[in-house]
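Structure first, then comments.
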Amino acid sequence: MNSSSGSAAGPSSGSGDGSAPRRNSKRPKYSKFTQQELPACKPILTPKWVISVFTLVGVIFVPIGIAALMASNNVVEIVDRYDTECIPANMTGDKVAYIQNDDIIKTCTRNLTVPKDMDQPIYVYYQLDNFYQNHRRYVKSRNDAQLKDADQANKTSGCDPEKTTKDGSPIVPCGLIAWSLFNDTYNFTLGNKNLSVNKNGISWKSDRDHKFGKDVYPKNFQNGTLRGGASLDLNKPLNAQEDLIVWMRTAALPTFRKLYGKIHQDLKANDIIMVTLENNYNTYSFNGKKKLVLSTSSWLGGKNDFLGIAYLTIGGLCFFLATAFTVVYLVKPRRRVLLCDTG
Amino acid sequence: MCRVCVYKTNSNLSFSFAGANDVSMIQMADVGVGICGQEGRQAVMASDFAMGQFCFLKRLLLVHGHWNYQRVGYLVLYNFYRNAVFVLMLFWYVLCAAFSTISAVTDWSSVFYSVIYTSVPTIVVGILDKDLSHKTLLCYPKLYGAGYRQESYNLHLFWITMLDTLWQSLVLFYVPLFTYRNSSIDIWSMGSLWTISVVVLVNVHLAMDIRRWVLITHVATWGSIFITYMCMVIIDSIPIFPNYWTIYHLATSRTYWLTILLTTILALLPRFFCKVIHQIFWPSDIQIAREAEILRKGSDQVGLKPDHDINGRV
């Protein structure tokens, strides 16, 4: 027992005629860590464990799936694609010319029918499809130092090609993200009453407090030959320009929604809402789509069946596997064997 | 003579000799073991392993050699998996970003992934994990055969691991994508979700395969997940970074936590299923020996004589 507990690496005392005390003097100090005899738990996949794991996953996942699916079904959502509908009949052949012509009036009226009762707050989003806000050059095209601090207005590095005007004065806020600010507007009326849209608090509070300065004002914005989107109110500091802040939180996917505002009024089923919108933003050059979305929310967020369906599927599959393995273990049990008495 | 032996058997060969004139033979061998003794220490200096007595050779081969092979084989596969799953997940995102090589995961998290978030459990498992106790291994030398049958690392296992990696990276990428489809999530929140999902997944994957849990293993594995969260909280508290405040924003969302749970379970389900099937229908010698060693207190079957392996093969 003693001679076999020495570690293999590193020589111990020489063989030959060493007496017992001399041999022990070079033995490494015993500790549970170096001899790897720490108390340990050795899990093994017995039939009991396998069936328990599958059953546990099933028991946890199925109720979550049902709850998620119910939450998603309770969300009421109205989605209306208006970019194709709002083009006048005589210009459907050349949409880009229509959108870039400032003389054509871009006002458009849409009617939305409420399918089910909607409880306040109702979130108004604009959804863009095929718009790659996650393109690398687009994401990098901003300068956070300039947005935060009025003294750093000259810092425009990284904002190519929207850095400075032709005579070299810096653009505030610079960069492609700010330059392409979304500029469609929406007004809602129900019957003959105006539905007011609350546009305060639509951006992250952390952005308003720490990323956009309260003494930074727009300068030389959209002054170039090519307008990319909305203009900014020159008298409002950047941290009060919530549409800009929302837009500059670049979206993760090419199909995304951004919060436009909130309606603090309940809507009843079969109400007809008239939307008067300004179809200003050019998505026709790149085959993008524009949609207006009105949505309630649940404890899980917006309308999305995926989580509910996925949880239910996995839960059901695990229950099935638990049953299958029970049958397998009953039909083909593993014979357990006792080894020689090793201690 | 050494070269002739290698050609004939086509396997790894180790020689251990005491004398000074055997140094060249030790150097030629794949693994050379030297005995330090009265004839000097030249053999020791030329060898890969050195020991004091010939009787230690049995322990060196059967116990430490076996453990070393199991650990190294498993860790090579695990490290391929750990790095490939992260890179593949980043790659799938590029397909959704007009091929513009954007990474949703922040630069700091990308660097910390290999260094802090997932490296410590690997090291701890590589040092401490044992599949069988030394008593079993000494009692049944035939278990050493797992080594020269290449049961812990072979081409087949490698490609199965890569297939599993592909599945896990697809789950890691697409589950959050489908969950947050058509929503107002921003790129850095998505990256934060992907970062924590991959770290949790990779550590739970390792946890499923650890065969001997000591306190240090628990601290390393679960501590890594905790440290990841701490690092992300710190990184997300620095205003100059673009991902400022994302973790605080996400942590209040129930969808975020449910997505992490779903990703982990769905990604590991095929692996767990295959593991169980393999252990029921095609158990390896080591599996059988492990079961006998751990469960022997409850068993009342007839004992086998040592020196035959469990299936009766000689």
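First the proteins, then the strands, lettered A, B, ... as listed; each starts at 1.
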If we define contacts as heavy-atom pairs under 4.5 Å, which of A/H135, A/K211, A/R136 has the most with chain B?
A/R136

Segment of [X] engaging chain A (4.5 angstrom heavy-atom cut-off):
X: B/I210; value: backbone
X: B/S237; value: neither
X: B/F241; value: backbone
X: B/I185; value: both
X: B/R211; value: backbone
X: B/S183; value: backbone

Within-4.5 Å side-chain heavy-atom neighbours: [X] and [Y]:
X: A/N134; Y: B/S100; answer: no
X: A/L38; Y: B/L215; answer: no
X: A/Y311; Y: B/L266; answer: no
X: B/I265; Y: A/V57; answer: yes
X: B/I280; Y: A/Y329; answer: yes
X: A/K258; Y: B/S184; answer: no
X: A/K42; Y: B/K130; answer: no
X: A/F306; Y: B/V175; answer: yes

Counting only heavy atoms closer than 4.5 Å, note whether [X] contacts chain B via side chain, backbone, both or neither.
X: A/W204; result: side chain
X: A/V53; result: side chain
X: A/P39; result: backbone

Considering all heavy atoms of both residues, which atom of B/D186 and which atom of A/R249 are nearest to each other, and what is their separation?
OD2-NH1, 2.7 Å

So which atom in B/C96 and which in A/P254 form the shortest heavy-atom distance, rounded to 0.1 Å?
O-CD, 3.5 Å

Between [options], which has the largest tally of heavy atom pairs under 4.5 Å with chain A?
options: B/G191, B/S189, B/A98, B/P239; result: B/A98
options: B/F99, B/W188, B/W213; result: B/W213
options: B/L258, B/V214, B/V276; result: B/L258
options: B/Y248, B/F281, B/F273, B/Y93; result: B/Y93
options: B/R254, B/M190, B/K275; result: B/R254
options: B/R181, B/Q279, B/H218, B/Q287; result: B/Q279

More than 12 heavy atoms from other groups under 6.0 Å of CE on B/M208
yes

Can you establish whether the number of heavy atoms outside A/R81 located under 6.0 Å from its atom CZ is more than 12?
yes

Can a donor-acceptor pair be found between the side chains of A/D207 and B/Y244 at a distance below 3.5 Å?
no

How long is the straight-line distance from [atom2] of [Y] back to [atom1] of [X], given to the nearest 0.5 Å?
X: B/I187; Y: A/T250; atom1: CD1; atom2: OG1; value: 5.5 Å
X: B/L261; Y: A/I314; atom1: CG; atom2: CD1; value: 10.0 Å
X: B/D236; Y: A/S206; atom1: CG; atom2: OG; value: 10.0 Å
X: B/I240; Y: A/D144; atom1: CD1; atom2: CG; value: 9.0 Å

When the ring planes of B/W245 and A/H210 are compared, do they come out parallel, tilted or perpendicular, using 30° and 60° as the limits?
parallel

Test side chain to side chain donor-acceptor pair (under 3.5 Å) on A/N304 and B/Y180; report intermediate values, then the result.
CA-CA 8 Å; A/N304 195 333; B/Y180 285 101; over 6 Å; no

